[in-house]
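Every chain is numbered from 1 and lettered A, B, ... according to where its sequence line falls, protein lines coming before strand lines.
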Protein chains: 2
Amino acid sequence: MTETRVPVPTLERLAIYLRVLLDAHESGIQTLSSQEIEQYSGISAAQFRKDLSYFGEFGKPGVGYSVEALIERIERILRLDAEQPILLVGAGNIGSALVGYPNFQAHRLRIAAVFDNNFVKIGRPFGDLIIEDIARVREVNAQIGARLGIIAVPAHAAQEVADALVEAGVTGILNFAPTILRVPPHVHVRNVSFLQELAVLSYHAVEDALRVNGQARRGGKDGV
Amino acid sequence: MTETRVPVPTLERLAIYLRVLLDAHESGIQTLSSQEIEQYSGISAAQFRKDLSYFGEFGKPGVGYSVEALIERIERILRLDAEQPILLVGAGNIGSALVGYPNFQAHRLRIAAVFDNNFVKIGRPFGDLIIEDIARVREVNAQIGARLGIIAVPAHAAQEVADALVEAGVTGILNFAPTILRVPPHVHVRNVSFLQELAVLSYHAVEDALRVNGQARRGGKDGV
DNA sequence: GCGCAATTGTGAACGCCTTCACAAACACGC
DNA sequence: GCGTGTTTGTGAAGGCGTTCACAATTGCGC
């Protein structure tokens, strides 16, 4: 039933292509070959063509891809052709950064409401918005109809917020809290974890430093 | 030469295990089986055991893993056993959120210096730190010796900052700017892209909504 | 119109990570 | 001590996404 024919990595790359194409469009470029897209995106030409092939044919052999048409196509695929309202929960540091993030606009993503559970914050302005009570999320989203939500609260509160968002009709959650969220199968979660990213970099950065210094790795697997 | 024996996904999961283990440790739990870790982390027991096998043996058959010892082991693998200083570039919204992010501490990650190129900001306090001139990054890092850097500047300035960080001795970069960074082969980059994450969610959220409504997909691949 | 150069779309080969399945190791009770 | 139940560590199998390679298609110049 849940036919996820399109690989998730492909979707992730579509967003990258879109960015490259928007840049090119702004520069007045009208046509791009997969080869050129490789130059700008760092993703191989073959990969690009394969990714697009999941959604049909679009380029012209010997010519390439129409920048404008491809932008429209990818936007339609990613449902970024119409404005996507988003519910933000958590009016703290991260929430603040997100409200002020300038790049959403270009992708027609808009934070349509902000929630918190701290009664001191509720009612206060937050960017262009007023912080609302998380208890009212369902009520508010009955008006907005958002399918996307962002969780930017401390880890211990994240699950509760996730439940509330799902209750309110959200089917896609971007989670900044360092916790595993339990959600119904029809809801998609993507986690953003600075710590995880930094941990991976930490491993590589120092690992490489040891190699560069010509320092021998202590023998066997145990020498880590 | 560059023997990356350990898969990157494994490293990403190590950070997750570490979090689970730290939680368990705090709860006074002394031993965990791979089965129980699956419960808490959402990652399969087999995967967990396989991941650990890259670094040697550690559990005891019939018993499980010592929480405390495993924490130490993973911290050593990820180089989080000693404090890791980090250079942050960009004293804007995102930079502000990062400086205020409370969870770094538990992983011994510390933002050791903040840089910007805006002379209005330079010299001002930023969290516990004073904003320094990005032009001095090399000089400053000669003292700090950081191998990790975070780029939290607008896309158009990101490449220049990356070059400066590499010059200053950084070998791992966490990039928040929506651009592909060109770096020497010994430098590792990981990108954090809210837009990309939201785009993927946008696809799924609406895709599923259509299915739930029982709305037939328009025929063929083109019906996207 | 026709040959040539460029570029697409895609089946097939490949490689890598995940999952499986089981022998080996250990605790515990009797 | 020995049998039983549990859990680990890991080769082998499997699945999935990437890369390869090439036939098909188009533009362009002559």
Side-chain angles (χ1 to χ4, degrees), chain A residues 2-17 20-21 24 29-67 69-70 73-74 77 196 200 203 220-222 224, chain B residues 2-17 20-21 24 29-67 69-70 73-74 77 196 200 203 220-222 224:
Chain A
T2 310
E3 27 170 340
T4 312
R5 223 192 275 78
V6 183
V8 172
T10 291
L11 295 172
E12 295 176 351
R13 285 188 296 267
L14 283 184
I16 297 177
Y17 303 143
V20 168
L21 289 165
I29 297 171
Q30 305 204 342
T31 290
L32 282 174
S33 68
S34 57
Q35 200 60 245
E36 291 170 305
I37 292 197
E38 173 168 346
Q39 296 269 315
Y40 296 133
S41 70
I43 297 164
S44 80
Q47 183 72 77
F48 172 77
R49 296 200 300 275
K50 188 61 142 185
D51 284 339
L52 253 56
S53 75
Y54 287 106
F55 305 98
E57 311 187 0
F58 198 61
K60 274 192 183 166
V63 183
Y65 300 81
S66 155
V67 171
L70 192 51
R73 178 60 149 274
I74 294 180
I77 293 169
Q196 194 173 332
V200 174
Y203 172 86
K221 317 181 184 178
D222 219 59
V224 178
Chain B
T2 310
E3 26 168 342
T4 311
R5 224 191 274 78
V6 183
V8 172
T10 290
L11 295 171
E12 295 175 351
R13 285 189 296 268
L14 284 184
I16 297 177
Y17 303 143
V20 168
L21 290 165
I29 296 171
Q30 305 203 344
T31 291
L32 282 175
S33 68
S34 58
Q35 200 60 245
E36 292 171 303
I37 292 198
E38 172 168 346
Q39 296 269 315
Y40 296 133
S41 71
I43 296 163
S44 80
Q47 183 73 77
F48 171 77
R49 295 200 301 274
K50 189 60 141 185
D51 284 339
L52 253 57
S53 76
Y54 288 106
F55 305 98
E57 313 187 358
F58 198 61
K60 272 192 184 168
V63 182
Y65 300 82
S66 155
V67 171
L70 193 50
R73 178 60 148 271
I74 294 179
I77 293 170
Q196 193 173 330
V200 174
Y203 172 87
K221 318 180 184 182
D222 220 56
V224 178

Just to verify, what does B:Gln47 make a side-chain hydrogen bond (donor to acceptor under 3.5 Å, both in side chains) with, not counting sequence neighbours?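 Per chain and number, B:Gln47 pairs via side-chain hydrogen bond (donor to acceptor under 3.5 Å, both in side chains) with B:Asp51.
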Side-chain heavy atoms of A:Val200 within contact of B:Leu14, under 4.5 Å: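 When only atoms from C-beta onward are counted, B:Leu14 and A:Val200 do not touch, as no gap falls below 4.5 Å.
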Under 4.5 Å between any side-chain heavy atoms of B:Leu70 and B:Leu52, yes or no?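 Sidechains of B:Leu52 and B:Leu70: in contact.
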Quick one: which of D:dT18, C:dG9, C:dT7 gets closest to the side chain of A:Tyr65?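 Shortest atom-to-atom distance from the side chain points to C:dG9.
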Among D:dT18, C:dC17, C:dT10, the one nearest A:Arg13 by side-chain distance: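 Nucleotide nearest to A:Arg13's side chain: D:dT18.
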Between [X] and [N], is there a side-chain N or O to OP1/OP2 distance below 4.0 Å?
| X | N | value |
| --- | --- | --- |
| B:Ser34 | D:dT7 | no |
| A:Gln35 | C:dT7 | no |
| A:Ser53 | C:dG9 | no |

Round to a whole Å and report the spacing from [atom1] of [X] to [atom2] of [N].
| X | N | atom1 | atom2 | value |
| --- | --- | --- | --- | --- |
| B:Arg5 | D:dT10 | CZ | P | 14 Å |
| B:Asp51 | C:dC20 | CG | P | 15 Å |
| A:Glu38 | D:dT18 | CD | C1' | 13 Å |
| B:Tyr54 | D:dG9 | OH | P | 14 Å |
| B:Leu52 | C:dT19 | CG | C1' | 17 Å |
| B:Leu70 | D:dT7 | CG | C1' | 15 Å |
| B:Gln47 | D:dT10 | CD | C1' | 13 Å |
| B:Phe48 | D:dT8 | CZ | C1' | 10 Å |

Could you pull out the closest heavy-atom pair between A:Thr31 and A:Glu36, with the gap in Å?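 Smallest interatomic distance, heavy atoms only, reads O-OE1, 4.1 Å.
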Closest non-hydrogen atom pair between A:Glu38 and A:Ala45, with its separation: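 Heavy atoms of A:Glu38 and A:Ala45 come nearest at OE1-N, 2.8 Å.
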Heavy-atom neighbours of B:Tyr40 OH exceed 12 at 6.0 Å: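 It does not: B:Tyr40 OH has 12 such atoms or fewer within range.
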Check: A:Tyr17 ring centroid to A:Phe48 ring centroid under 6.0 Å: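 Between A:Phe48 and A:Tyr17, which both carry aromatic rings, the centre distance is below 6.0 Å.
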Might you list the N or O atoms of the protein lying below 3.5 Å from N or O atoms in nucleotides 20-26 of chain D, with each pair's distance?
from, atom 1, to, atom 2, distance (Å)
D:dA21, N6, A:Arg49, NH2, 3.4

Closest-nucleotide mapping onto DNA chain D: is B:Leu32 or A:Pro9 further toward the 5' terminus? I mean the 5' end.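 Upstream on the strand: B:Leu32.
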